[in-house]
Undergrad: 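Let me give you the structure first, and then I'll get to my questions.
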Amino acid sequence: MHHQHPSTNLLLLLAAIPFAPLIPNFLLEPEDLNTDGIDASGVDFYVHDAVIHNDDDSIAVKPSPRGQVGIDGTRYDCTQNMLFENLELVGFGASIGSVPPTVDRKCVDSITMRNITMPYSGKGIYVKSNGNDCLEKKTSGCSDFVNITLRDVRIVEPLMSPGAILGNSTNPMENIVFDGVVVEGGGGRWPWREDTFPHKGTCKSFHVEGVAIKCDPVPDSFVEEVK
């Protein structure tokens with residue numbers, strides 16, 4: 001007769017217990033890191049009408065260096081012309097970057113995210129340059145973030161910070177628009193800031209030429225515009 005080990009019986013018992021009502025989702029979520037939902041790099045993307053549940057960035061826009069060649073043979077100099085809309089993201093939010101400075105000048109341009117909800121996600125919105133300044137010459141060794149719009153984005157009680165927008169002093173992000181980006185129920189330690197992990201007190205937003213319209217909270221360094 002086969003006898004199961006007591007620990008096996010315990011595991012079977014635990015598996016049978018409906019833990020969902022007992023343990024909050026935010027404690028169960030980060031089980032499988034490095035499981036990004038959609039990593040977009042290239043030109044002319046349209047991602048829409050989807051629900052993404054995962055354990056890392058639900059949307060991660062990746063930079064492209066100048067002279068990149070796509071799988072169809074198309075050459076392009078920037079990750080650009082992307083629209084993400086009508087999405088529910090439950091994971092670790094939406095990110096653009098990281099984009100470190102390189103000699104081939106990596107670039108992100110004309111990215112729009114709109115009508116997006118992030119209920120009880122690990123974090124919210126991250127647009128990040130790795131915080132590194134340009135290399136020797138601004139004309140060649142930088143990373144470019146331009147023309148990024150987030151519109152009608154609702155972030156509900158994120159586990160960590162609801163967002164960080166991290167530019168660099170020698171080549172600030174340009175034309176960044178947050179329109180109707182709202183955080184409900186706080187998140188992290190306080191809105192747009194984390195004391196320790198992952199940015200160790202450096203976050204909020206900095207080195208950004210940004211405009212905020214009907215946002216709560218308004219990220220630091222953004223100009224609030226009333227309509």
Undergrad: How long is the gap from CG on Asp152 to CD on Glu85, to the nearest 0.5 Å?
TA: 11.0 Å
Undergrad: Of Ile155, Val183, Val156, which meets side chain to side chain contact (heavy atoms under 4.5 Å, CB included) against Met118?
TA: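 Considering Ile155, Val183, Val156, a side chain to side chain contact (heavy atoms under 4.5 Å, CB included) with Met118 is found only for Ile155.
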Undergrad: In terms of hydrophobic clusters joined by side-chain contacts under 4.5 Å, are Val177 and Met113 together?
TA: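 No, it is not one cluster - the side chains of Val177 and Met113 are not joined through contacts under 4.5 Å.
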Undergrad: Could you report the tightest heavy-atom contact between Thr79 and Lys62, atom names first, then the distance?
TA: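 Thr79 and Lys62 have their closest heavy atoms at OG1-O, 2.7 Å.
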Undergrad: Suppose we screen for disulfide (SG to SG under 2.5 Å). Which residues come up paired with Cys215, at least two apart in sequence or across chains?
TA: none
Undergrad: Is the backbone N or O of Ala94 less than 3.5 Å from a side-chain atom of Asp57, with the two atoms forming a donor-acceptor pair by type?
TA: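 Checking the backbone N and O of Ala94 against the side chain of Asp57, no donor-acceptor pair under 3.5 Å is found.
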Undergrad: Run the side chain to side chain contact (heavy atoms under 4.5 Å, CB included) check on Leu89 and Ile59 step by step: do they pass?
TA: CA-CA 8 Å; Leu89 310 180; Ile59 297 291; 4.0 Å; yes
Undergrad: Assess the residue pair Met173 and Ile148 against the criterion (side chain to side chain contact (heavy atoms under 4.5 Å, CB included)); give the C-alpha distance rounded to whole Å, side-chain angles, the decisive distance to 0.1 Å, and a yes or no.
TA: CA-CA 9 Å; Met173 297 180 186; Ile148 296 171; 5.7 Å; no
Undergrad: Can you name the side chain to side chain donor-acceptor pair (under 3.5 Å) partners of Asp39, sequence neighbours left out?
TA: none
Undergrad: Verify the cluster assignment for Leu150 and Ile213: are they in a single hydrophobic cluster under the rule of side-chain heavy atoms below 4.5 Å apart?
TA: no
Undergrad: Verify, without hydrogens or angle tests, whether Ser221 (side chain) and His207 (backbone) share a donor-acceptor contact under 3.5 angstrom.
TA: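 Side chain of Ser221 to backbone of His207: no pair is present.
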Undergrad: If two hydrophobic side chains count as joined below 4.5 Å and joins carry through other members, does Val43 share a cluster with Ile96?
TA: no
Undergrad: Please give me the minimum heavy-atom distance between Ser41 and Pro63, naming the atom from each residue.
TA: OG-O, 3.6 Å
Undergrad: Hey, mind stepping through Asn54 and Asp36 against side chain to side chain donor-acceptor pair (under 3.5 Å) and telling me if it holds?
TA: CA-CA 7 Å; Asn54 65 315; Asp36 285 356; 5.2 Å; no
Undergrad: Just how far is it from atom CG of Asn171 to atom CZ of Phe145, taken to the nearest 0.5 Å?
TA: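 Output value for this atom pair is 9.5 Å.
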Undergrad: Between Val146 and Val208, is there a shared hydrophobic cluster once you connect ILVMFWY residues whose side-chain heavy atoms come closer than 4.5 Å?
TA: no
Undergrad: What residues form a ring pair (Phe, Tyr, Trp, His ring centres under 6.0 Å) with His53, not counting sequence neighbours?
TA: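 Expected list: none.
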Undergrad: To the nearest 0.5 Å, what is the distance between CD (Gln80) and CG (Asn147)?
TA: 10.0 Å
Undergrad: Starting from the C-alpha separation in whole Å, work towards a yes-or-no answer on side chain to side chain contact (heavy atoms under 4.5 Å, CB included) for Leu83 and His48.
TA: CA-CA 8 Å; Leu83 172 59; His48 60 98; over 6 Å; no
Undergrad: Atom CG in Asn86, atom CG in Asp49: separation rounded to 0.5 Å?
TA: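 CG of Asp49 is found 4.5 Å from CG of Asn86.
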Undergrad: Name all residues meeting the side chain to side chain donor-acceptor pair (under 3.5 Å) criterion together with Thr112; count only those two or more places apart in sequence or in a different chain, and write none if there are none.
TA: none
Undergrad: Verify the cluster assignment for Ile38 and Ile111: are they in a single hydrophobic cluster under the rule of side-chain heavy atoms below 4.5 Å apart?
TA: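 Both belong to a single hydrophobic cluster.
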Undergrad: Please report the shortest heavy-atom distance between Gly42 and Ser64, naming the atom on each side.
TA: N-OG, 3.8 Å
Undergrad: Side chain to side chain contact (heavy atoms under 4.5 Å, CB included), that's the test. Do Phe84 and Val61 meet it? Break it down for me.
TA: CA-CA 10 Å; Phe84 302 86; Val61 176; 3.8 Å; yes
Undergrad: If I take atom CG from residue Asp216 and atom CD from residue Glu184, how far apart are they, to the nearest 0.5 angstrom?
TA: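 Here the rounded value is 9.5 Å.
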Undergrad: Write out all pairs satisfying salt bridge (charged side-chain N to carboxylate O under 4.0 Å, His left out) with one or both partners inside residues 86-97, taking only residues at least two apart or from two chains.
TA: none
Undergrad: Could you pull out all residues at least two apart from Phe222 that satisfy ring pair (Phe, Tyr, Trp, His ring centres under 6.0 Å)?
TA: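 Per chain and number, Phe222 pairs via ring pair (Phe, Tyr, Trp, His ring centres under 6.0 Å) with Phe178.
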Undergrad: From Thr117 OG1 over to Leu87 CG, what is the distance, rounded to the nearest 0.5 angstrom?
TA: 8.5 Å
